[in-house]
Chemist: 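Below: one structure in structure tokens.
All ligand and atom numbering here is 1-based and tracks the order in the structure. Computed from a predicted model, the values in this text were never measured in an experiment. Heavy atoms only: backbone and side chains are in, while hydrogens, waters and symmetry mates are out.
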Amino acid sequence: MKNQKDDIIWSVAVLVPPYKSLAYKEPFYFPTDIWKPGLRVLVPMGRSNTLRPGVLENYAYLTVPGRLKHIHWPLEKDNSITLEFLEMIAELSRRQAVTPSRILASVLPGSMRIVPEKLIFSESGEKISLPNCSCKSQRLDELARSWVKGDLIFPPSRKNIRKIISVAKEPPWSILPNAKLQWKVMDTLWQRGEMDLTSLKKILGPSVKQSIASLQDKGLISVCDKEKSVCIESLPQKQEKIKLSADQEKALSELKPRLQAKTFDVSLLHGITGSGKTMIYIYLARVALEGGRSVIFLAPEIAIAVQLYEQAVQILGEHKVFLHHGLKSPSEKESVFESIRSSEGPLLLVGTRSALFMPVKNIGLLVIDEEHDESFKQDQGFVYQAKEIAHYVAKRDKAMLVLGSATPDIKTYFAAKEDRISLISMNNRVGKSILPEVCFVDLKVDPPKFGPLAGVSESALREVLARGEQAVIMHNRRGYSPVVMCTDCSEVAKCSECQVSLTYHKSRQRLVCHYCGQSLPFSIICSNCQGSEFVPVGDGTEKVEEFFQSNLADTKVLRLDRDSSRNPGRTQEILCDFAQNKAQVLVGTQMLSKGHTFPNATLGIVIDGDLGLGLPDYRSSERIFQLLVQLSGRAGRGDKPGKVFIQTRNPGHYCWKYVAESNYVGFFEQELARRKLFAYPPFIRLGLIRISFPSEWNQKEDFVAIVKNEAISIQRNYGVKIMGPAPAPLSKLRNRDRYHLLIKASDWHQIRKAYSALLPCTDKHRIVRMSLDLDPMNML
Ligand SMILES: [Zn+2]
Ligand SMILES: [Zn+2]
């Protein structure tokens with residue numbers, strides 16, 4: 001007689017390449033009732049039956065022809081992944097056209113994807129190796145019985161004792177030019193932040209150990225033996241006034257009853273910078289928590305998440321409050337995951353976008369602060385838009401979703417105007433502070449004379465410093481100079497793999513490609529004339545900082561950009577120092593515009609307001625508008641009025657008058673008319689297909705021609721509009737040629753269908769990568 005059990009076939013999402021769902025039988029040596037959807041398991045893969053981690057999805061009674069491998073061992077007794085979580089992953093998989101395996105592999109904490117080597121008898125403490133697939137069946141039976149009884153378990157996860165290496169000293173570094181490997185180590189660490197020894201060896205080879213030792217001797221790097229947990233200092237907080245403003249009272253009175261109705265509801269909280277949106281979030285959170293439901297706050301970046309967390313703890317201290325962000329160590333991430341999973345009552349979780357993948361149950365309120373921010377979209381690896389996931393979760397749990405911003409995404413505001421979501425506006429700042437006065441400085445009339453500053457900006461800066469107040473100066477370009485030019489033939493130094501100009505970083509004496517990260521010594525030979533002299537051209541934040549530091553007597557200047565905040569926690573330190581008045585001038589990139597509060601900063605200067613206007617992206621005006629209004633919002637947040645100077649060579653640009661008035665609605669209407677005219681979102685749906693292949697591939701012309709033909713027939717058959725394939729604006733990256741196809745359609749489904757129809761083109765060419773980005777944020 002056939003054994004019924006043999007016919008239960010599970011679909012297992014494997015958490016390693018090829019990131020697919022594979023079929024496995026239930027093993028004969030375990031009772032059938034231990035297998036449940038969401039359970040993490042080990043399955044054999046490949047000829048050598050190497051054990052890999054996977055997650056059980058669902059099962060069917062099937063008779064499968066041929067031999068099918070069986071699941072080898074469960075990784076846990078109770079499933080740490082709930083059915084709800086699995087269902088969300090499945091939904092995301094349908095929407096984003098990626099496999100559940102790939103999503104799970106990118107959202108589960110790393111320690112949940114580890115294959116343990118040992119089992120341990122709980123009674124005696126005796127350790128044995130995890131049996132492999134060729135183990136005798138009698139032995140497997142025996143061990144499985146002990147497992148089911150709870151006598152045999154996996155040893156508690158070792159605290160990952162790894163050697164973590166990080167940069168210990170800011171550049172310049174005293175390394176001989178010919179110590180190439182040492183340079184590579186420093187560059188790699190600088191690029192990626194801290195790393196463990198194993199990964200560093202993987203990238204740079206085993207001989208890297210020696211270089212590490214000598215760098216350590218010089219004090220340039222530090223090697224820690226254990227997993228370092230980053231301690232993030234919180235910004236000094238002003239005691240929040242308990243009394244709410246009239247605007248805040250009104251907003252709350254509208255939102256509170258809707259939250260208490262426990263139905264799915266989406267609201268846009270459009271409040272100008274400084275109008276006190278945070279207090280609204282916290283008051284609403286209290287209502288949800290007291291009603292027994294959990295809350296998630298998402299912030300666009302770690303510094304803001306930490307600040308929001310501190311405020312929440314201060315006011316809602318009697319409730320459970322968790323913080324999650326990307327700088328947490330793997331074991332901390334797992335411990336937050338585990339605490340949340342096993343938590344019974346309502347809780348508040350504050351974090352960056354990945355907090356959405358924490359297993360919070362029974363959600364009553366989701367808040368996305370600074371909802372216009374691009375960081376809510378992850379566009380590398382598994383591509384997703386946090387707002388979309390939040391929308392799905394809110395609908396599932398009949399929760400309220402609040403999107404807050406002073407400069408909402410055009411699409412969000414459009415949805416509010418069309419009554420698809422509700423709109424709550426707050427048009428006044430809290431307390432005595434008022435919006436700063438914004439002036440545009442025409443650089444053609446008043447050219448830069450004090451370094452990058454025009455006369456009027458210079459005098460404003462000097463006045464503010466004389467009064468003992470602070471200034472923030474934004475320049476959205478990091479490094480020392482964006483271009484270096486050969487003095488003999490004017491050739492611009494370019495990255496050999498991406499064909500974009502290299503940026504000069506003076507403190508490191510390196511030329512760096514900002515796209516692929518490759519770096520070269522500054523003393524290179526001109527590829528055109530063999531000349532050896534290059535001059536830096538143009539200003540980056542590093543040069544601006546240097547200029548002010550050496551030309552403003554008795555003034556301390558700080559810099560905030562990706563280079564100055566490589567080390568985890570450094571951003572927070574810089575912000576703290578500035579907030580505590582330890583420096584008078586803060587120079588930085590767009591990182592300055594992100595929701596920080598500097599009470600004593602009364603002046604904002606934008607060195608080049610035109611940067612980014614000419615980008616090949618339909619959203620470039622929207623981005624500039626948001627950036628400048630947000631930056632202006634940083635000035636005059638305390639009791640003193642603020643002033644903002646924006647320097648431009650383009651004084652007639654239509655954006656400026658709305659920026660000057662901080663007039664979001666006016667900008668929205670103008671921008672919407674433009675989008676309608678040229679058929680861009682929100683009037684249509686947009687999908688971007690990215691294709692890349694090695695630059696030296698000899699069949700590339702033929703391949704592009706095939707894609708082109710296919711695109712024409714898809715356009716004809718599917719009722720979508722396809723533009724391309726055309727070389728991407730960044731046409732070469734890391735030695736791969738890049739092509740784009742832009743799809744315009746009336747719904748997402750059509751775009752997905754068109755993409756699926758195009759995918760078979762790549763079947764015969766494994767070197768081609770093709771991916772779909774729905775509603776792309778980054779068009780390069
Ligand atoms: Zn030259
Ligand atoms: Zn490059």
Chemist: Identify which protein N/O/S atoms are less than 2.8 Å from the Zn ion (ligand 2).
Modeler: Cys495 SG, Cys498 SG, Cys513 SG, Cys516 SG
Chemist: Salt-bridge test for Asp187 and Arg510: reply yes if a basic N is under 4.0 Å from a carboxylate O, no otherwise.
Modeler: yes
Chemist: Check the side chains of Thr589 and Asn476 for a donor-acceptor pair under 3.5 angstrom, ignoring hydrogens and angles.
Modeler: no
Chemist: Charged N to carboxylate O under 4.0 angstrom, Glu546 versus Lys506?
Modeler: yes
Chemist: Which protein N, O or S atoms does the Zn ion (ligand 1) have within a distance shorter than 2.8 Å?
Modeler: Cys486 SG, Cys489 SG, Cys526 SG, Cys529 SG
Chemist: What's the verdict on ring pair (Phe, Tyr, Trp, His ring centres under 6.0 Å) for Phe703 and His765, showing C-alpha distance, side-chain angles and the deciding distance?
Modeler: CA-CA 9 Å; Phe703 177 76; His765 308 293; 5.5 Å; yes
Chemist: Between Arg649 and Asp610, is there a salt bridge with N-O shorter than 4.0 Å?
Modeler: no
Chemist: Return the orientation label for the Tyr504 and Phe522 ring planes: parallel under 30°, perpendicular over 60°, tilted otherwise.
Modeler: parallel
Chemist: Any carboxylate oxygen within less than 4.0 angstrom of a Lys/Arg side-chain nitrogen, looking at Arg690 and Asp773?
Modeler: yes
Chemist: So does Lys700 pair up with Asp702, basic N to acidic O under 4.0 Å?
Modeler: no
Chemist: Using a strict threshold of under 4.0 Å (side-chain N to carboxylate O), is an ion pair present between Arg508 and Glu542?
Modeler: no
